[in-house]
Peer 1: 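Supplied in structure tokens, the structure appears directly below.
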Amino acid sequence: MKIRVPSWARLAILCVIVGGMLGFVNHVTEGPIAQRAAEAADAARRSVFAAADSFEMLELSADSGVDNCYAAMKDGQMIGYVVQTTVSGFGGPIEVQTGLDLDCVVTGISVGGSKFSETPGVGARTKNPEFQAQFAGVSIPVQPGNNVDAITGATVSSGAVCSAVNKGGYFVRDLINPPVDDGRPEDLQFGGVLPGATTKQQETAPEGIDELYTSDAGVVVYVTGQGRNGPMQVQVGVGHSGQVAGVYIDPAKHKETEGLGDMVEEQYFWGQFIGYPGTFTIGENVDAVTGATITSKTVADCVNRAVEAAQPFLDPSKATDIPPLGQSAAPSGGSGSSGVKRRAQVVKTGSGVTVMTAQDWASKYPEIYASYLANGENREVHDYTKDYPMIGTIYEGMAFSKFYGSARGHVYTVEDVTATGRPHALANCFSCKTPDFTAMVNELGDAAYRLPFEDVLAEINEPISCYNCHANTGDELVVTHTYLSDAMGEELKGVEAATLSCGQCHVEYYFHPTTKATTLPYTSLATMTPDNILAYYNHTKVDGQVFADYVNPRTGVRQIKVQHPEFETFMGEGSVHAGTFTCADCHMGEATAADGTTYISHTWISPLENKSLLEGTCAECHTDLVKEVADIQAETERRTYAVGYELEGLTEKLVKAVESGRYTEEELDAIRSLARDAQFYWDFVFVENSEGAHNSALAKECLNKSEALLNQAMGLFKPQEG
């Protein structure tokens, strides 16, 4: 008789068998898996502390704030620590292992974790060895733009890593040098913000202040501000001297982001207030926590309000000096004008940085920032195709013949380049338009020039501003557009920095046919002349033909579109001011702030608009500079129009010659070559922004050469029949 086993029973038996097998497999493999995990973890620790030969795990309290910590050992002696911290990145949690020696100097870091999900190609590059290697040898705190470089386009991810390293660093610091407990009851310590206090008396708090207490050592104020994620309370001790004695941010009294905003709890941030009477301003005399500007500003605002509230309760007769815990950034009233000629640095390439915007410098250089914004008042745009009707023919074959608007100035560069009506395939069109792209080139090299225009546009936030001329230094003059330093080589040292700053963009350039990189058509000051530049183009071959920016569709002339050669013109033979004055001397006047300090105005203007310059420096050599310049520009404009119309006539005559069938290609090419060169010399003057004022001798020479070439070309046409 068959025994029928119910299906549920069969299933139960099967589950028991499978479960047993899985349990057996797990038992067999559990040990090797754990062993491999332990070996991987040990290898990760060795990668950040190579000098150690073993690691010993420390027992930590539940509220330690770090994931784990190991003592790094060598020959049985402790030589440092490896600490793991987890912070919030752009895409989720980021685990960072940090090795630190006994002086709290970073020996190495490792970025990752099982839940690491930063953006591929951007934030994910925090895992790249090149990014991580720069931390080795840096002392806590690490600060992007100071002792490490952030990844371009990955400010949050970079900042999170720095916060994790700092978090681990301060944990280790307290292991090495534990905070001193002076034994006083917590009630008299006031959270540790008023050292030396032995009394405590609550007072009626002013409006907007949570609590206020007086003491024999000063005043303690509790004040709440609005952080990024909600209210946060800050406790401030103010000594009778008016100096800040202590700052305490209670972790239970805020909800700021772990690993970012909550880093304001660390001494490296709040220690900046100690020993100073205020007023405190982020970016001026207090550095923000990386990636937590809003939280940092909230704390600074609370400290300022606390200091103000404490004033009526202070007793100067009890004042004792409170020494600073560390060096705080001193306010600056501007760069001023020392009269000393400056030499430019060249930007560091190959490592990403986060561009500090003009707004980032506003609090440190308020007058300069205001003068920079004043450039926005220039809103007028001229349509050159209407002002100079001949360029519709001269530039035929390229978009400038359809739309060619005058530049409104530096603060409109991004807006204007995207509204030209001209197609932009590659990002190289941003070369002189935004520091965001400049920083991208400095990080990626020539590859940045070949990126799609629209892709890069999505990452552009800033028009021409501080980074272009100063990198992130604040006041040093830096050549950030390396095509200029590449072209000039050692001769760069012989040109004053205030001229090179402008010369980075106000140059003649072309896009290299292969790399698409912005490239200058010369290799020294001596080869910077129009003649040598033209020879450079005429000897540069592309697919067996001379280089051309565009080809006229009706004449076949391979034409060159000159850009804006102010640098070459100003530095060229015939210039009466090169070597004596810089671009900044004439276009960036000295101004006086309300407190009497001087600074360099960053409103870029014509020197003719600077009355003090005209009546002072210029008057030493010029009786009436305004009239002299007006005469030069009028004559230059007259010749530019005249020769331009001659070029238009030459073009139309050449069109007829091509269509006639009466000329051989050799005969046409002879005329085309002369037309190409004539147009180049004319364009060199036409697009140079001073209308002859920078170097009237050179402008005249170029127009003369253009006209001579025109006449030579006209002489090659055959007499018309009939």
Side-chain angles (χ1 to χ4, degrees), residues 141 143 159 163 166 190-194 203-213 218-239 241-258 260-314 322 324-333 356-366 369-370:
Q143 297 173 306
S163 292
N166 288 332
F190 290 86
V193 298
L194 195 60
E203 308 287 351
T204 301
E207 185 177 355
I209 300 299
D210 301 342
E211 300 174 55
L212 188 147
Y213 298 85
V219 179
V220 172
V221 184
Y222 293 74
V223 57
T224 297
Q226 183 65 30
R228 182 179 184 86
N229 299 335
M232 60 185 306
Q233 188 182 77
V234 180
Q235 198 173 339
V236 183
V238 183
S241 62
Q243 298 164 292
V244 174
V247 177
Y248 178 65
I249 296 97
D250 188 342
K253 297 294 181 69
H254 71 80
K255 299 179 180 179
E256 299 305 278
T257 306
E258 182 182 357
L260 290 175
D262 70 347
M263 296 301 287
V264 296
E265 299 169 15
E266 299 292 344
Q267 187 186 74
Y268 86 92
F269 174 71
W270 58 254
Q272 299 177 87
F273 300 95
I274 309 304
Y276 297 94
T279 301
F280 300 102
T281 305
I282 296 297
E284 180 176 329
N285 50 7
V286 176
D287 292 326
V289 171
T290 302
T293 303
I294 293 176
T295 309
S296 303
K297 287 181 177 179
T298 299
V299 174
D301 176 62
C302 288
V303 174
N304 287 331
R305 289 160 56 197
V307 171
E308 181 181 0
Q311 296 305 310
F313 302 93
L314 300 178
I322 300 172
L325 287 182
Q327 186 63 42
S328 180
S332 172
M356 293 184 66
T357 67
Q359 176 66 47
D360 292 334
W361 292 106
S363 59
K364 187 172 185 179
Y365 302 111
Y369 178 66

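Note: hydrogens, waters and symmetry copies are ignored here, and every other heavy atom, side chains too, is used.
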Peer 1: Measure across V238 and L194 and return the closest heavy-atom pair with its distance rounded to 0.1 Å.
Peer 2: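 Here V238 and L194 meet closest at O-CD1, 4.0 Å.
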Peer 1: Can you name the residues that form a side-chain contact (heavy atoms from CB on, under 4.5 Å) with A205, not counting sequence neighbours?
Peer 2: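 A205 satisfies side-chain contact (heavy atoms from CB on, under 4.5 Å) with I209, L212 only.
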Peer 1: Tell me the salt bridge (Lys or Arg N to Asp or Glu O under 4.0 Å) pairs involving residues 305-314, sequence neighbours left out?
Peer 2: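 The answer is D301-R305.
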Peer 1: Can you name the nearest heavy-atom pair linking M232 to V264, along with the distance?
Peer 2: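 In terms of heavy atoms, the two residues are closest at CE-CG2, 4.1 Å.
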Peer 1: Apply the side-chain contact (heavy atoms from CB on, under 4.5 Å) test between F273 and each candidate in N285, V247, V307; give the one that qualifies.
Peer 2: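 Testing F273 for a side-chain contact (heavy atoms from CB on, under 4.5 Å) against N285, V247, V307 leaves exactly one candidate, V247.
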Peer 1: Got a sec, which residues hit salt bridge (Lys or Arg N to Asp or Glu O under 4.0 Å) with R228, two or more places apart in sequence or on another chain?
Peer 2: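 Once residues adjacent in sequence are excluded, R228 has no partner under the salt bridge (Lys or Arg N to Asp or Glu O under 4.0 Å) criterion.
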Peer 1: How would you list, by chain and number, every residue that makes a side-chain hydrogen bond (donor to acceptor under 3.5 Å, both in side chains) with T281, sequence neighbours excluded?
Peer 2: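 Once residues adjacent in sequence are excluded, T281 has no partner under the side-chain hydrogen bond (donor to acceptor under 3.5 Å, both in side chains) criterion.
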Peer 1: Below 4.5 Å, heavy atoms only, C-beta onward: do D210 and Q233 meet side chain to side chain?
Peer 2: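 When only atoms from C-beta onward are counted, Q233 and D210 do touch, with a gap below 4.5 Å.
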Peer 1: Can you see which heavy atom on C302 is nearest to which on G225, and at what distance?
Peer 2: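 Nearest heavy atoms, C302 then G225: SG-N, 3.5 Å.
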Peer 1: Is there side-chain contact between Y213 and Y222, with at least one heavy-atom pair below 4.5 Å?
Peer 2: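 Result yes, sub-4.5 Å side-chain heavy-atom pair found.
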Peer 1: Just how far is it from atom CD1 of I282 to atom CG of D287, taken to the nearest 0.5 Å?
Peer 2: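 So the CD1 of I282 and the CG of D287 are separated by 8.0 Å.
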Peer 1: If the condition is side-chain hydrogen bond (donor to acceptor under 3.5 Å, both in side chains), which residues does Q311 pass it with, not counting sequence neighbours?
Peer 2: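 With sequence neighbours excluded, Q311 shows a side-chain hydrogen bond (donor to acceptor under 3.5 Å, both in side chains) to no residue whatsoever.
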Peer 1: Looking at every heavy atom in both G246 and I274, which two are closest together, and how far apart are they?
Peer 2: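 Taking G246 first and I274 second, the nearest heavy atoms are CA-CD1, 3.4 Å.
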Peer 1: Given side chains that start at C-beta, do those of T295 and V289 come closer than 4.5 Å, heavy atoms only?
Peer 2: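 No - every pair of side-chain heavy atoms lies 4.5 Å or more apart.
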Peer 1: Distance-only, no hydrogens or angles: does the W270 side chain make a donor-acceptor pair with backbone N or O of Y248 under 3.5 Å?
Peer 2: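 No, the answer is negative, given that no donor and acceptor are paired below the 3.5 Å cut-off.
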Peer 1: For the CG atom of N229 and the CD atom of E256, what is their distance to the nearest 0.5 Å?
Peer 2: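 Here the interatomic distance stands at 5.0 Å.
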Peer 1: Within the 4.5 Å heavy-atom criterion, are K253 and V234 side-chain neighbours or not?
Peer 2: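 Not in contact.
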Peer 1: Name all residues meeting the ring pair (Phe, Tyr, Trp, His ring centres under 6.0 Å) criterion together with Y369; count only those two or more places apart in sequence or in a different chain, and write none if there are none.
Peer 2: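 Result, ring pair (Phe, Tyr, Trp, His ring centres under 6.0 Å) vs Y369: none returned.
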Peer 1: Quick check: do V244 and V236 have side-chain heavy atoms less than 4.5 Å from each other?
Peer 2: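 Answer yes - side chains close enough.
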Peer 1: I need the minimum non-hydrogen distance between P231 and T224, along with the two atoms involved.
Peer 2: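 So the two residues come closest at CB-CG2, 3.9 Å.
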Peer 1: Using side-chain contact (heavy atoms from CB on, under 4.5 Å) as the criterion, list what pairs up with Q243, not counting sequence neighbours.
Peer 2: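 Per chain and number, Q243 pairs via side-chain contact (heavy atoms from CB on, under 4.5 Å) with S241, D321, I322.
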Peer 1: Taking side-chain hydrogen bond (donor to acceptor under 3.5 Å, both in side chains) as the test, write out the residues that go with T357, two or more places apart.
Peer 2: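 side-chain hydrogen bond (donor to acceptor under 3.5 Å, both in side chains) list for T357, sorted by chain: D360.
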Peer 1: My understanding is that only residues two or more places apart in sequence, or in another chain, count here; which of them pass side-chain hydrogen bond (donor to acceptor under 3.5 Å, both in side chains) with Q226?
Peer 2: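 Here no residue qualifies.
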Peer 1: Measure the shortest side-chain to side-chain distance between E203 and F313 over non-hydrogen atoms and say whether it is less than 4.5 angstrom.
Peer 2: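 SC-SC contact between E203 and F313 confirmed.
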Peer 1: For the side chain of N304 and the backbone of T279, is there at least one donor-acceptor N/O pair under 3.5 Å apart?
Peer 2: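 No; judged by distance alone, with no hydrogens or angles, the pair does not exist.
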Peer 1: To the closest 0.5 Å, what do you measure between OG (S296) and CD (Q272)?
Peer 2: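 Going from OG on S296 over to CD on Q272, the span is 8.5 Å.
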